[in-house]
Asker: 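Quick one: structure below, then a few questions.
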Amino acid sequence: EGFFLKLFHKKDNELKKSLSKANDFIERANFEGAKDILINALYTCKNCKNIQFAYLKLADIAMSQNDEACAIRYYIDLSKKRPEYRDLLMFMANLYMQNNKFEFALEIFEKLKSMKVKNLQMELNILHCKSNTIKSDEVEETDKLDEEYKNFAKANPKDAKVNYETANYFAHNGDLDCAFEYCQNALNISPNNLDATKLMGLLLLIKGDLDAAKQYLNV
């Protein structure tokens with residue numbers, strides 16, 4: 001037991017030295033040198049308790065070099081090794097989505113899903129990201145996504161938000177009948193849902209039912 005404790009302490013000390021040396025390189029803007037040190041640390045000190053700092057520094061370097069895809073890979077690898085960092089991964093994915101970087105967000109969300117993370121909002125976010133990454137001429141992919149939305153709404157029939165988001169998706173794609181159906185479902189579940197109420201008013205307006213639309217739009 002003493003031998004292994006000494007070995008772990010030795011590795012921890014090696015990691016500390018590597019992190020310190022990497023910091024010196026970063027301060028001198030020698031990012032490639034810092035990366036070499038940190039990547040080596042990932043392999044030689046992989047079982048150290050503070051190995052997360054090597055991943056985080058590598059991700060920071062990648063972000064400073066505008067290589068977001070590389071940074072994401074480091075965050076994903078970190079979350080595999082340290083499950084407690086999955087909240088950080090979720091935060092990043094949401095941030096990317098808010099900034100319309102849907103491809104990056106989608107990669108993270110799908111990785112979290114593969115890690116058995118269960119989250120209804122995350123499932124909706126995956127669908128939302130997919131809808132913003134599929135090109136208009138990708139008919140087969142669009143059809144698949146249509147089915148995904150319908151199946152998700154079918155699996156969550158009593159969730160107003162799921163039905164509203166499904167309605168909103170079909171409304172943006174020009175399928176007014178589907179949009180109307182799911183919007184009505186959302187309002188049946190939650191009559192005071194403001195988003196669904198506004199959408200229903202707009203759908204009725206497009207359908208030419210002005211009188212009914214006024215009831216929803218408070219005109």
Asker: Under the 3.5 angstrom rule, does the side chain of Arg82 hit a backbone N or O of Lys49 as a donor-acceptor pair?
Answerer: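 Here the side-chain-to-backbone pair exists.
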Asker: Are any of the side-chain heavy atoms of Tyr169 and Asp146 separated by less than 4.5 Å?
Answerer: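 Contact flag for Tyr169/Asp146 side chains = yes.
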Asker: Go through the structure and list residues passing side-chain contact (heavy atoms from CB on, under 4.5 Å) with Ala196, not counting sequence neighbours.
Answerer: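 Once residues adjacent in sequence are excluded, the partners of Ala196 under the side-chain contact (heavy atoms from CB on, under 4.5 Å) criterion are Tyr164, Cys183, Ala186, Leu187, Asn193.
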Asker: Verify side chain to side chain donor-acceptor pair (under 3.5 Å) between Gln184 and Asn188, making sure each step is shown before the conclusion.
Answerer: CA-CA 6 Å; Gln184 187 62 67; Asn188 288 341; 3.1 Å; yes
Asker: Should Glu110 and Lys113 count as an ion pair when the cut-off is N to O under 4.0 Å?
Answerer: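 No, no charged N to carboxylate O under 4.0 Å.
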Asker: State the NZ-CD1 distance between Lys57 and Ile37, to the nearest 0.5 angstrom.
Answerer: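 One finds 11.5 Å between NZ of Lys57 and CD1 of Ile37.
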Asker: Under the 3.5 angstrom rule, does the side chain of Asn40 hit a backbone N or O of Asp36 as a donor-acceptor pair?
Answerer: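 Looks like no, no N/O pair under 3.5 Å.
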Asker: Is any side-chain heavy atom of Lys130 less than 4.5 Å from a side-chain heavy atom of Lys144?
Answerer: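 With C-beta onward as the side chain, the pair stays apart.
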Asker: Would a 4.5 Å heavy-atom cut-off, applied to side chains only, mark Ile76 and Met115 as touching?
Answerer: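 Yes; the side chains approach each other to less than 4.5 Å.
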Asker: State the OG-CD distance between Ser131 and Glu141, to the nearest 0.5 angstrom.
Answerer: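 It comes to 13.0 Å.
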Asker: How is the hydrophobic cluster of Leu95 composed, in terms of its other members, when Ile, Leu, Val, Met, Phe, Trp and Tyr link through side-chain heavy atoms under 4.5 Å apart, directly or indirectly?
Answerer: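 Result for Leu95 is Phe91.
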Asker: Is the shortest side-chain N to carboxylate O distance from Glu107 to Lys111 below 4.0 Å?
Answerer: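 Salt bridge absent between Glu107 and Lys111.
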Asker: Return the minimal non-hydrogen interatomic distance between Ile26 and Ile61, and the atom names on each side.
Answerer: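 Answer, listing the atom of Ile26 first, then Ile61: CD1-CD1, 4.0 Å.
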Asker: State plainly whether one hydrophobic cluster holds both Ile126 and Leu145, where clusters connect Ile, Leu, Val, Met, Phe, Trp and Tyr through side-chain heavy atoms under 4.5 angstrom apart.
Answerer: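 Result: no, two separate clusters.
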Asker: Tell me whether Met122 is reachable from Tyr149 by hopping between hydrophobic residues (I, L, V, M, F, W, Y) whose side-chain heavy atoms are closer than 4.5 Å.
Answerer: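 Different clusters: Tyr149 never reaches Met122 through Ile, Leu, Val, Met, Phe, Trp or Tyr contacts under 4.5 Å.
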Asker: Decide whether Tyr85 and Leu19 are clustered together by the hydrophobic rule: side chain heavy atoms of Ile, Leu, Val, Met, Phe, Trp, Tyr closer than 4.5 Å, transitively.
Answerer: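 Same cluster: Tyr85 reaches Leu19 through Ile, Leu, Val, Met, Phe, Trp or Tyr contacts under 4.5 Å.
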Asker: What I'd like to find out is whether the side chain of Ile39 reaches to under 4.5 Å of the side chain of Tyr74, using heavy atoms alone.
Answerer: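 A side-chain contact under 4.5 Å exists here.
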Asker: Could you report the tightest heavy-atom contact between Phe170 and Lys150, atom names first, then the distance?
Answerer: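 For Phe170 versus Lys150, the nearest heavy atoms are CZ-CE, 3.7 Å.
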Asker: Can you tell me how far CD of Glu68 sits from CZ of Phe104, rounded to the nearest 0.5 angstrom?
Answerer: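 If we round to the nearest 0.5 Å, Phe104:CZ and Glu68:CD are 4.5 Å apart.
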Asker: Does a side-chain heavy-atom distance below 4.5 Å link Phe102 with Met97?
Answerer: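 They are in side-chain contact.
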Asker: Quick one: do Glu138 and Lys135 make a salt bridge, cutoff under 4.0 Å?
Answerer: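 Looking at Lys135 together with Glu138, the answer is no, because their closest N to O distance does not fall below 4.0 Å.
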Asker: If you measure from CG on Asn168 to NZ on Lys161, what distance do you get to the nearest 0.5 Å?
Answerer: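 One gets 10.0 Å once the value is rounded to the nearest 0.5 Å.
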Asker: Taking atom CD as the centre, does Gln65 end up with more than 12 heavy-atom neighbours from other residues, nucleotides or ligands that are less than 6.0 angstrom away?
Answerer: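 Result for CD/Gln65: enclosed.
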Asker: Step by step, work out the side-chain contact (heavy atoms from CB on, under 4.5 Å) result for Ile189 and Asp159.
Answerer: CA-CA 7 Å; Ile189 299 164; Asp159 192 287; 5.9 Å; no
Asker: Is the side chain of Asp209 donor-acceptor paired with the backbone N or O of Leu205 at a distance under 3.5 Å, no angle test?
Answerer: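 Not confirmed, Asp209 side chain does not pair with Leu205 backbone.
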Asker: State, to 0.1 Å, how close Leu106 and Cys129 come at their nearest heavy-atom pair, and which atoms those are.
Answerer: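 Looks like CB-CB, 3.9 Å.
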Asker: Taking the side chain from Asn119 and the backbone from Gln121, do they hold a donor-acceptor pair closer than 3.5 Å?
Answerer: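 The answer is yes, because a donor-acceptor pair under 3.5 Å joins these two groups.
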Asker: Please indicate whether Glu140 has more than 12 foreign heavy atoms, meaning atoms of other residues, nucleotides or ligands, lying under 6.0 Å from its CD.
Answerer: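 Check fails, neighbour count at 12 or below.
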Asker: Test Phe152 against Thr166 for side-chain contact (heavy atoms from CB on, under 4.5 Å), laying out the working first.
Answerer: CA-CA 9 Å; Phe152 193 58; Thr166 303; 5.6 Å; no
Asker: Check ring-ring contact (aromatic ring centres under 6.0 Å, His included) between Tyr55 and all other residues, then give those that pass, not counting sequence neighbours.
Answerer: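 With neighbours one apart ignored, the set is empty.
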Asker: Give, for atom CG of Leu58 and atom CG of Asp77, the distance between the pair rounded to the nearest 0.5 Å.
Answerer: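 Rounded to the nearest 0.5 Å, the CG-CG separation comes to 10.0 Å.
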Asker: Any heavy-atom pair between the side chains of Leu127 and Glu123 that's under 4.5 Å?
Answerer: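 SC-SC contact between Glu123 and Leu127 ruled out.
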Asker: Could you tell me if the side chain of Leu120 sits less than 4.5 Å from the side chain of Asn156, heavy atoms only?
Answerer: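 Yes - at least one pair of side-chain heavy atoms lies under 4.5 Å apart.
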Asker: Transitively linked via ILVMFWY side-chain contacts under 4.5 Å: Leu78 with Phe109?
Answerer: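 Both belong to a single hydrophobic cluster.
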Asker: Just by modelled atom types, is the Lys16 backbone N or O under 3.5 Å from a matching donor or acceptor in the Ser20 side chain?
Answerer: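 The answer is no, because no donor-acceptor pair under 3.5 Å joins these two groups.
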Asker: Can you find a heavy atom in the side chain of Tyr96 that is under 4.5 Å from one in the side chain of Ile72?
Answerer: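 Yes; the side chains approach each other to less than 4.5 Å.
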Asker: Testing the basics here: between His128 and Asn132, what is the closest heavy-atom pair and its distance to 0.1 Å?
Answerer: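 Answer, listing the atom of His128 first, then Asn132: O-ND2, 2.8 Å.
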Asker: At what distance, to the nearest 0.5 angstrom, does CG of Asn125 lie from CD of Gln98?
Answerer: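 Here the interatomic distance stands at 9.0 Å.
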Asker: Do Phe53 and Phe25 sit in the same hydrophobic cluster, where Ile, Leu, Val, Met, Phe, Trp and Tyr count as joined when their side-chain heavy atoms come under 4.5 Å apart?
Answerer: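 Phe53 does not cluster with Phe25.
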Asker: Which heavy atom of Ala22 sits nearest to which heavy atom of Ala34, and what is that distance?
Answerer: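 Smallest interatomic distance, heavy atoms only, reads O-CB, 3.7 Å.
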Asker: Looking at every non-hydrogen atom in both residues, tell me the closest pair between Cys45 and Ile51 and how far apart they are.
Answerer: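 So the two residues come closest at O-CD1, 3.4 Å.
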Asker: May I ask you to say whether Asp177 pairs ionically with Lys207, meaning some side-chain N is under 4.0 Å from a carboxylate O?
Answerer: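 Salt bridge: yes.
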